[in-house]
Amino acid sequence: MKYPPEPFKIKVVEPIGRTTREEREAVLEQAGYNVFNIPADKIYIDLLTDSGTSAMSDNQWAGIMLGDESYAGSRNYYHFEQTVQKIFGFKHVIPTHQGRVAENLLFSTILHKGLVVPNNSHFDTTRANVEFNGAEAVDLVIDEAKDPNKILPFKGNIDLDKLEALIQKTGRENIPLGMLTITNNSGGGQPVSMANIRATAKLLHSYEIPLILDACRFAENAWFIQQREAGYADKTILEIANEMFSYADGCTMSAKKDGLVNIGGFIALNDDQLTQQLTNRLILIEGFPTYGGLAGRDLEAIARGLEEVLDENYLAYRIGQVARMGDRLEEAGVPFLKPTGGHAVYLDAKSFLAHIPQSQFPGIALTVELYLHAGIRAVEIGSLMFAHKDEQTGTIQYPELELVRLAIPRRVYTNSQMEYVAESIIEIYKKRQQLQGFELTYEAPVLRHFTARMQLLA
Ligand code: F0G
């Protein structure tokens, strides 16, 4: 079945209000046309992120009631540790309250000025954490990943020649670790193949550089390997995950994605000494090592979520829901990044609104129209987020891709709601010539997309 139906039924519902177009016009004006400034109860379908927005199962909610809130040695920690070890296979597990704290612990311990961290593509908080500690974050995804129309089974792969050239140029002593982000969020939620993970590990290890996986969407990545890579069709998601992590020396994880919870994360490692250093730092900034900034009940929900996410019926439905939206858009000729990845559809705003130049934020024009037309919230990943001034020439450098991400929360929206989203996008596509560009009225010096204010160009 191409698009398997939901493998769950609904036990609890959360009403969502509808707004009128007039209300949405006023909301947008108040928000400075930045959807980050819109109160969530003014939104009908919220596709801002798939992070921390999952619906938990009855089994997870039942686990919440079994939370043991002891400061040290909570039983939920042991369940969490056991589950992480079963799937990820690393010797040590340090809980954190979300993914970027796992990154912060690791990078603040081992990075300093002059060091370089290669990755297929760093997610923005990962890059920011690398740079904040003085090091350089280098993206080495394969060139084909930058072509939105190129269909490849594993468009998240790292380019091994570029990786080797970087090591040669930089010197292994200046590269304390290499990373792979699975799936590659910044590059369209595209998977990395088992062969690429294996070869990356082999190359890095030949220079005695450890490999750390950014594992947020590991189950979605494993599902793509099962479906697309020769030799894996008969393996379970657990077996595939075990193999993926067997090549690595550790991982950072935001459980807010494939942990199917609203908060939580961890770092898992084999290195005893590094773990001890990180644990000492954890106590300083997050808490005792058996809770790491989380309540016992949260650890229980993660342990249960990590088991549930391995279910093939769930993954087939999940990835199918994303693919179905892509197929609907394809039939109507709407441009988007192909193939669809694991957690989101990324509209190609550059082609969608070819009449709006990058200096006038086509991605913002599309994001604003999605809200105005249909009450849908998406996020711009384009010029507002990434354009920057070249200090040497004084000219503005625009990103290659101008995208609008529709991230799909896990187990939250029904297929008919997704159908509504696809139809709304198609309606907007038909009247795209009427959309206009925007200009900034306020921008912060860093990470401006979160707080920027804009107005329609006259
Ligand atoms: N790594 C990747 C690949 C991510 O996508 C994210 C978060 C993080 C690390 C950080 O995890 O939020 O728990 O601190 N991505 C979210 C998103 C925010 O919308 O894509 P966190």
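The model shown is predicted, which means the values in this text are computed figures rather than measured ones. Read the numbers this way: they start at 1 and go in the same order the structure lists the ligands and their atoms.
Using a 4.0 Å heavy-atom criterion, the residues that approach ligand 1 are T49, S51, Q98, G99, R100, E103, F123, T125, T126, T181, N185, D214, C216, R217, S254, K256, K257, R405.
Ring orientation note: the planes of Y346 and H343 are nearly perpendicular, at an angle over 60° on the 30°/60° scale. Ring geometry for F288 against Y71 counts as tilted: the plane angle lies between 30° and 60°, on a 0 to 90° scale.
Considering only residues two or more places apart in sequence or on other chains, K162 meets the side-chain contact (heavy atoms from CB on, under 4.5 Å) condition with L140, D143, K146, D159. Residues passing the side-chain hydrogen bond (donor to acceptor under 3.5 Å, both in side chains) test with T96, sequence neighbours excluded: none.
Applying the salt bridge (charged side-chain N to carboxylate O under 4.0 Å, His left out) test to residues at least two apart or on different chains, the pairs with a partner in residues 249-264 are D258-R410.
Annotation: cation-pi geometry satisfied between R324 and Y3 (NZ/CZ under 6.0 angstrom from ring centroid, within 45° of ring axis).
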